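Below: the structure, in structure tokens.
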Amino acid sequence: MLLPDAARYARRLKPPPVRCVQAVFIGAGAALGLVLYLFAAQRQLPAVAVVLASLYPALPVLLALALLHERISRRQVLGLPGAGIATVLLTLG
């Protein structure tokens, strides 16, 4: 659906080489995450793997804090420990 526009504006859409390398690493990281999830679901209880995988929205927030020094809202501050506690409670049974 986006291919015609991408072809039409190809010169303006061409990212610098550094961004292309970053995109490759991001894609490789996503692929690695999917493969590791598959292994976890096969070798561990699926309930544990699914609960841990459900925490993926917390990871970008933590990375933004650590690497980009971004500010987070009060809601996010309360949500991160809440998600961690819920994960522990769910895995314990």
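Source: prediction; values computed, not measured. All residue numbers in this chain count up from 1 along the given sequence.
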Phe39 reachable from Tyr37 in the ILVMFWY side-chain graph, under 4.5 Å edges: no

Contacts of Gln22 that satisfy side chain to side chain donor-acceptor pair (under 3.5 Å) - sequence neighbours left out: Arg19

Spacing of Arg8 atom CZ and Leu3 atom CG [to the nearest 0.5 Å]: 12.5 Å

